[in-house]
Structures are given as structure tokens and as C-alpha cells.
Number of protein chains: 2
Amino acid sequence: MARISKKDKIFQAAARLFKEFGYQATSMRQLAKEVGLEASSLYSHISSKQELLAQICMSEANKYLEHMNKVMKEENDLLEILKNMSYFHIEVAVEDPVSATVFSDEWRYLEEPTLTEFRNIRKEYESRILHIIARGVNEEVLIDRDPSILFQTFLSSFKWIYIYNRPGRELDKEVLKVTITEVILRGMVK
Amino acid sequence: MARISKKDKIFQAAARLFKEFGYQATSMRQLAKEVGLEASSLYSHISSKQELLAQICMSEANKYLEHMNKVMKEENDLLEILKNMSYFHIEVAVEDPVSATVFSDEWRYLEEPTLTEFRNIRKEYESRILHIIARGVNEEVLIDRDPSILFQTFLSSFKWIYIYNRPGRELDKEVLKVTITEVILRGMVK
DNA sequence: GTCTATAACTTGATAGAC
DNA sequence: GTCTATCAAGTTATAGAC
């Protein structure tokens with residue numbers, strides 16, 4: 001007996017294809033072939049192609065926000081929070097590169113109302129990191145530069161991992177965590 | 001009399017649409033409307049949709065490689081080369097965000113043989129930067145960490161600019177250059 | 001060079017037999 | 001739940017009148 005349902009299989013295959021070819025370039029027929037069905041049979045399990053993208057993006061977005069909530073409750077030290085966020089981003093990028101890529105690159109093909117919902121969650125998440133960085137600048141823990149620029153540079157440090165880290169040239173997760181976090185924090189810390 | 005040809009207008013509009021909606025999601029009808037023509041009339045100026053993407057990506061790729069060639073001839077100091085590369089990436093991202101986005105995000109929809117050609121140019125470009133960083137590690141100018149990770153983190157520092165820097169919230173180009181370059185070099189330099 | 005008309009095909013999704 | 005058959009709409013690109 002299969003431990004994962006056919007519906008889950010479809011979602012996993014969809015994420016894989018959305019990552020490899022992009023949402024727009026992935027057809028339902030292609031997805032069906034991937035899970036051993038005819039295209040029409042997919043609609044016994046899901047309601048639309050858009051539903052696939054929506055669920056992948058929203059569950060990923062919530063994952064980041066939930067982790068943030070947890071960290072902010074448990075940790076007060078500014079640099080520890082940033083370090084933790086860095087580690088978490090790298091952890092997700094290495095452990096679930098497929099969902100992370102779709103979340104990062106394909107969300108723009110979300111339709112309303114999911115698009116707005118997604119944007120709101122991401123904005124909430126990002127504004128909290130920005131706020132932490134701005135605090136770091138104020139408290140003279142971080143260098144005295146525009147917090148928005150520091151924030152964007154910080155976040156962009158993680159965005160190459162899920163693309164680069166493909167089978168055959170895997171980088172060690174712990175080395176990635178330590179190295180990237182070291183570089184970006186050394187760059188920003190006073 | 002128009003200073004730019006209709007063909008150039010088409011290419012500019014195509015880049016704008018490819019950036020905003022993605023290559024796959026942009027139709028020739030949409031592009032035609034943008035330049036005030038019927039879709040079929042576009043084919044008096046260009047031979048295919050693919051040609052539009054190919055020219056945008058290849059000319060952008062060559063731009064980076066040419067600049068690299070120039071810098072490597074004029075400059076020997078390792079840190080000066082990295083600083084120059086950083087400035088150049090930021091310059092391009094601010095001055096021509098449209099082409100830079102298409103180059104960065106839409107190249108994967110290139111078809112053969114252009115896809116291979118594009119990959120080769122990019123690989124050549126990247127391997128030279130990687131080589132410089134590896135030299136920096138060897139000569140103990142940069143921190144003793146995996147050069148590939150330093151390289152990818154370096155390059156990713158610039159990838160948010162053309163997305164973020166939209167009309168209405170422009171960041172000052174010189175401030176961007178100084179700040180991002182400072183952060184990434186402080187992080188990597190011993 | 002631009003148009004209308006259309007060819008040739010792919011798309012997401014549905015109807016209904018089994 | 002899965003299939004075959006199909007729909008309606010969209011796609012890139014071409015043919016040929018003007």
C-alpha cells in the first residue's frame with residue numbers, strides 16, 4: 001500500500017515540472033504522463049492547474065512565516081535572529097529545493113485572490129526581517145547603511161542554492177550554512 | 001522622423017513584456033498591440049518570437065563578457081577586479097533593468113542552438129570570476145572558504161536590483177554600488 | 001509593410017461510458 | 001477513478017490582397 005496518496009504524487013510531480021520548465025510551460029498532459037494517467041484523470045484529484053501552484057506557493061510561504069514566529073518568540077539577540085534566519089533559508093533550499101524554487105520563481109503566475117494573499121504573507125515576513133535589520137543599524141550592531149539595501153542583499157544570498165545545488169554537484173549543507181552566513185554577516189556587522 | 005526603427009521598438013516592447021509576464025506568458029498578439037500593429041505584421045520585421053528572446057539574451061551575455069575582457073586587460077589587482085565587476089553588475093541592473101531581467105530569468109526558454117551558445121558564453125564568464133576568487137583564496141586575500149560558494153554568493157548579491165528597483169521606489173545608483181560592494185567584499189575579504 | 005483570413009496545433013478543462 | 005472523445009479558446013506563423 002502506497003504511503004503517499006495519488007493526490008500528493010500529483011503535487012510533487014507538479015512542483016518538479018514547474019521548477020524544471022516553469023508553470024506556463026508545463027502542460028497538464030505532461031504532468032499526467034509523469035504520474036501515469038491521462039490528463040483528464042487529474043481532475044478527479046484536483047480542480048485546476050492553478051490549484052497546484054497555489055497550494056505549493058502558499059504552503060511554502062506559511063512555512064517561512066511560521067518559522068519566523070517561532071524564532072522571534074524564543075530569541076531576542078539581533079545577530080542570533082539573523083543567523084537563525086540565514087540557517088533556515090539554507091536548510092529549506094537544500095532539503096526541499098523543488099518547492100523552494102517554485103515558491104521563489106513561479107509565484108507570479110498565481111491568480112487572484114491567491115496572488116494577493118501570497119503577497120501579503122510575503123510582505124509580512126519581509127517587513128519583519130527589514131525591521132530587525134533597521135534595529136541593527138540603529139543600535140549600531142550593523143553598519144550604518146540603508147536598511148533596505150542590507151535587507152535585500154541579505155535575502156539574495158540564499159537565492160542561488162536551490163538552482164545550483166543539483167544532483168551530482170551537491171554541496172555539504174553544514175558547510176553552506178556556515179560559509180554563506182559568515183560572509184553575509186561579516187559584511188553587515190559593524 | 002523616428003530615431004529608432006520599428007524593429008527596435010518591437011525588441012524593446014518584447015523585453016518589457018518578457019520581463020513583466022515572462023516569455024511563455026507573452027503572446028505575439030499582446031506584443032503587437034503594444035507597438036500598434038496586428039500580430040501578423042510583426043513578421044515583416046522579425047522571423048519568430050524565439051528570435052526576440054535570442055537576441056535579447058545573447059546581446060546581454062556578450063555585454064558582460066566584453067566588459068570582463070576589458071577589465072582583465074586594464075586591471076591586475078584582484079580586489080579591484082572584483083570591485084569593478086560588482087560596480088558593473090549594479091550599473092547594468094539599474095540602467096537597463098528590462099534586458100537584465102530577461103537575460104537573468106528568461107534565458108531558459110531559449111531553443112537550440114542558441115541555448116547552448118548562451119550557456120557557453122555564460123560559463124566562460126562565470127569561470128573567469130570563479131578563477132579570480134579562487135586565486136584570492138590561494139593568495140590569502142579572501143577568507144579560506146570554498147571558492148564556489150564565495151563565487152555564487154558574490155554573484156547573487158546583484159540579482160535583486162532589477163526586480164526591486166521599479167519606478168516610484170528608485171534607489172540611488174551610487175549608493176547601491178557603494179553599499180552592496182562594501183557588504184559583499186567585507187564579507188569575503190580576509 | 002500592414003492588413004484579414006486562416007492553417008495547424010496546443011492549451012485547460014468537461015462529459016459521459018465503464 | 002480512469003478512460004476516450006471533445007470543446008472552446010488560445011497559440012505561432014503563413015498566404016495573399018492592397
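Letters go in sequence order (proteins before strands), and every chain restarts at 1. This one's a predicted model, so the numbers in the text were calculated from it and none came from an experiment.
Note: Tyr64(A) and Phe103(A) meet the aromatic proximity criterion, with ring centroids under 6.0 Å apart.
Below the 3.5 angstrom threshold, one finds no donor paired with an acceptor across the side chain of Arg29(B) and the base of dG10(D).
For Leu37(A), taking side-chain heavy atoms from C-beta onward, the closest of the listed nucleotides dT4(C), dT2(D), dA13(D) is dT2(D). Residue His45(B) has its side chain nearest to dG1(C) when only dT4(D), dG1(C), dA13(C) are considered. If you check dC3(C), dT11(C), dT12(D) against the side chain of Ser27(A), the one that comes closest is dT11(C). For Lys6(B), whose side chain is taken as the heavy atoms from C-beta onward, the closest listed nucleotide among dC3(C), dT2(C), dT12(D) is dT2(C).
The nearest whole Å value for the distance from the CD1 atom in Ile10(B) to the P atom in dT2(C) is 8 Å. We find that CD of Glu111(A) is positioned 12 Å from P of dG12(C), with the value rounded to whole Å. Between Met28(B) atom CE and dT12(D) atom P there is a gap of 7 Å when expressed in whole angstrom units. When the C1' atom of dG1(D) is taken as reference, atom OH of Tyr43(A) falls 16 Å away, rounded to whole Å. Atoms CD1 (Ile46(B)) and P (dT12(D)) sit 10 Å apart, rounded to a whole Å. Atom C1' of nucleotide dG12(C) and atom CG of Leu53(A) are separated by 15 Å, given to the nearest angstrom. The nearest whole Å value for the distance from the CG atom in Leu31(B) to the P atom in dA13(D) is 11 Å. Rounded to whole Å, atom C1' of dT11(C) lies 12 Å from atom CD of Gln24(B).
Contact check, Lys49(A) against dT11(C): no side-chain N or O comes under 4.0 Å of OP1 or OP2.
Each of Ala25(A) and Ser41(A) was assigned the nucleotide of DNA chain C with the nearest heavy atom; the assignment lying further toward the 5' end belongs to Ala25(A).
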Test log, rule side chain to side chain contact (heavy atoms under 4.5 Å, CB included), inputs His131(B) and Ile129(B): CA-CA 5 Å; His131(B) 184 254; Ile129(B) 298 187; over 6 Å; no
Checking Leu142(A) against Leu79(A) for the side chain to side chain contact (heavy atoms under 4.5 Å, CB included) test, could you report, in this order, the C-alpha distance in whole Å, the side-chain angles of both residues, the deciding distance, and whether it holds? CA-CA 9 Å; Leu142(A) 302 180; Leu79(A) 289 182; 4.1 Å; yes
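Across all strands shown, Ser40(B) has heavy atoms under 4.0 Å from base atoms, whether or not it also approaches the sugar-phosphate. Among the heavy atoms of the strands lying under 4.0 Å from Ser44(B) is at least one base atom, whether or not backbone atoms are also near.
Under the ring pair (Phe, Tyr, Trp, His ring centres under 6.0 Å) rule, Phe158(B) has a single partner from Phe154(B), Tyr162(B), Trp160(B), which is Phe154(B).
At a threshold of 4.5 Å between non-hydrogen side-chain atoms, the residues Val137(B) and Arg145(B) do not count as touching.
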